[in-house]
Chemist: 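Structure incoming, see below.
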Amino acid sequence: MPELPEVETVCRGLALKLEGRALARVEARRRDLRQPLPRDFVRRLTGRRVDRIARRAKYILMHLDDQTVLIAHLGMSGRMVVAADPAAPFDAHDHVVFTTDAGVSIRFNDARRFGLMTLARADELDGHPLLVGIGPEPLGNEFNGRALAERLAGKATPIKAALLDQTVVAGVGNIYACEALFQAGLSPRRLARTVQGDRAERLAHAVRDVLTRAIAAGGSSLRDHVQPSGELGYFQHAWAVYGREGEPCLGCDCDGAIRRLVQSNRSTFYCAKRQR
DNA sequence: CTACCATCCTGGTTGC
DNA sequence: TGCAACCAGGATGGTA
């Protein structure tokens, strides 16, 4: 699934299809996602106009004309697929379908059902349980080395795990945590509390840079990840370490090989020579 | 607090 | 070719 760049890319694709359009038809084909769909999900959405698509961390926020907000998370395997032909047969994992007054169909497809959709009122968003406590947006003005250092201060956990903690910084997942640490030259095992000063500056810059580049590339795309436009992202071709165990370290002449280790039950890829 | 583990669920890949 | 083990982008809750 989708980390921040992929969710951002999906949001941009959704905005093109949905903003200003009414949801003429809403279908809930399967309600038992990570959390059950609200009982009145279909009724509250049908006929509403989509004002704006926004993103917070890895959440998609669909603002509707009656101040309702659809909060969606893609989990690990969730996709928003534009159905070229709304009458085409459904896939087994097409769980929710939105069809606009322009006749465009968006299918939320999620094989693993780790994704979720729920509804909130716009004035409740700030304190919403799913969003409260999430850290700064890494592409926002408030995120920099000093802000990152503050949130890492005193943490005895490895920096890799800290980057995956959504209260430290929003939207970073396993792939971009690996890539940012490589770019910053920091060992994934380094204790988070030691990432201060210049190291924090380097890491904050690397996080911002790698996410920005991934968005520019249209988001990374794993095997089954398709953007709303139907195109595949291609940032995976630019991964320096992720998924490259045993391959040579690129971008420097350290002649080392990329190694894999397991932290918090997740794979970490890194260059032991370059990252300290 | 922190580290560590399991859990939700399905499908693709790898190895015997 | 068959089948089992292992792995996967996330988030959360429990335990020590």
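Residue numbering restarts at 1 for every chain, and letters A, B, ... go by the order of the sequence lines.
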Chemist: Check the distance between C:dA11's C1' and A:Leu163's CG and give it to me in whole angstrom.
Modeler: 16 Å
Chemist: Suppose you measure atom P in B:dC9 against the same atom in C:dC3; what distance do you get, rounded to whole Å?
Modeler: 25 Å
Chemist: Can a side chain N or O of A:His73 be found less than 4.0 Å away from OP1 or OP2 on C:dA11?
Modeler: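 So the side chain of A:His73 is within the cut-off, an N or O lying under 4.0 Å from OP1 or OP2 of C:dA11.
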Chemist: Rounded to whole angstroms, how far apart are CZ on A:Arg30 and C1' on B:dT10?
Modeler: 10 Å
Chemist: On the nucleotide C:dC7, are OP1 or OP2 found under 4.0 Å from the side-chain N or O atoms that A:Ser267 carries?
Modeler: no
Chemist: For the pair made of CG in A:Leu130 and P in C:dT12, what is the distance, rounded to whole Å?
Modeler: 7 Å
Chemist: Defining pairs by Watson-Crick or G-U wobble geometry with both distances under 3.5 Å, how would you list the stems of DNA chain C with at least three pairs each?
Modeler: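 The stems that DNA chain C takes part in, listed by first number, are B:2-8 with C:10-16, B:10-16 with C:2-8.
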Chemist: Should A:Gln166 be listed as having a side-chain N or O under 4.0 Å from OP1 or OP2 of C:dA11?
Modeler: yes
Chemist: Distance check needed: B:dC9 P versus A:His93 NE2, whole Å only.
Modeler: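 From A:His93 NE2 to B:dC9 P: 13 Å.
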Chemist: For A:Trp239 and C:dA8, what is the distance between atoms CH2 and P respectively, to the nearest whole Å?
Modeler: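 From A:Trp239 CH2 to C:dA8 P: 12 Å.
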Chemist: Under 4.0 Å between a side-chain nitrogen and a carboxylate oxygen: does that hold for A:Asp110 and A:Arg113?
Modeler: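 Salt bridge between A:Asp110 and A:Arg113, a charged N being under 4.0 Å from a carboxylate O: no.
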Chemist: Going by side-chain heavy atoms closer than 4.5 Å, which hydrophobic residues are tied to A:Tyr270, directly or by a chain of links?
Modeler: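 Same cluster as A:Tyr270: A:Leu261.
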Chemist: Assess the side chains of A:Arg259 and A:Gln275: does a donor N or O sit below 3.5 Å from an acceptor N or O?
Modeler: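 There is no such pair between these side chains.
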Chemist: In whole Å, what is the span from the CG atom of A:Asp110 to the C1' atom of B:dT10?
Modeler: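 Atom CG in A:Asp110 sits about 10 Å away from atom C1' in B:dT10.
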Chemist: Is the closest basic N to carboxylate O distance between A:Arg30 and A:Asp32 below 4.0 Å?
Modeler: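 Salt bridge between A:Arg30 and A:Asp32, a charged N being under 4.0 Å from a carboxylate O: yes.
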Chemist: Whether A:Arg29 engages the ring of A:Phe90 as a cation-pi pair (distance to the six-membered ring centre under 6.0 angstrom, angle to the ring normal within 45°) should be assessed.
Modeler: yes
Chemist: Which whole-number value in Å describes the distance from A:Glu245 CD to B:dT14 P?
Modeler: 13 Å
Chemist: For the pair made of CZ in A:Arg266 and P in C:dA8, what is the distance, rounded to whole Å?
Modeler: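 Checked: the CZ to P distance equals 8 Å.
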Chemist: Salt bridge between A:Arg146 and A:Glu201, side-chain N to carboxylate O under 4.0 Å?
Modeler: no
Chemist: In B/S/- notation, 5' to 3', how is nucleotides 1-8 of chain B contacted by protein heavy atoms closer than 4.0 Å?
Modeler: -SS--B-B
Chemist: Could you verify whether a donor N or O on one side chain and an acceptor N or O on the other, from A:Asp123 and A:Gln67, lie under 3.5 Å apart?
Modeler: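 Absent: no donor and acceptor within the cut-off.
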Chemist: Among A:Thr118, A:Thr46, A:Leu70, find the residue that satisfies the side-chain contact (heavy atoms from CB on, under 4.5 Å) test when tested with A:Phe41.
Modeler: A:Leu70
Chemist: Output yes when A:Lys273 and A:Asp255 qualify as a salt bridge under the 4.0 Å nitrogen-oxygen rule, no when they do not.
Modeler: yes
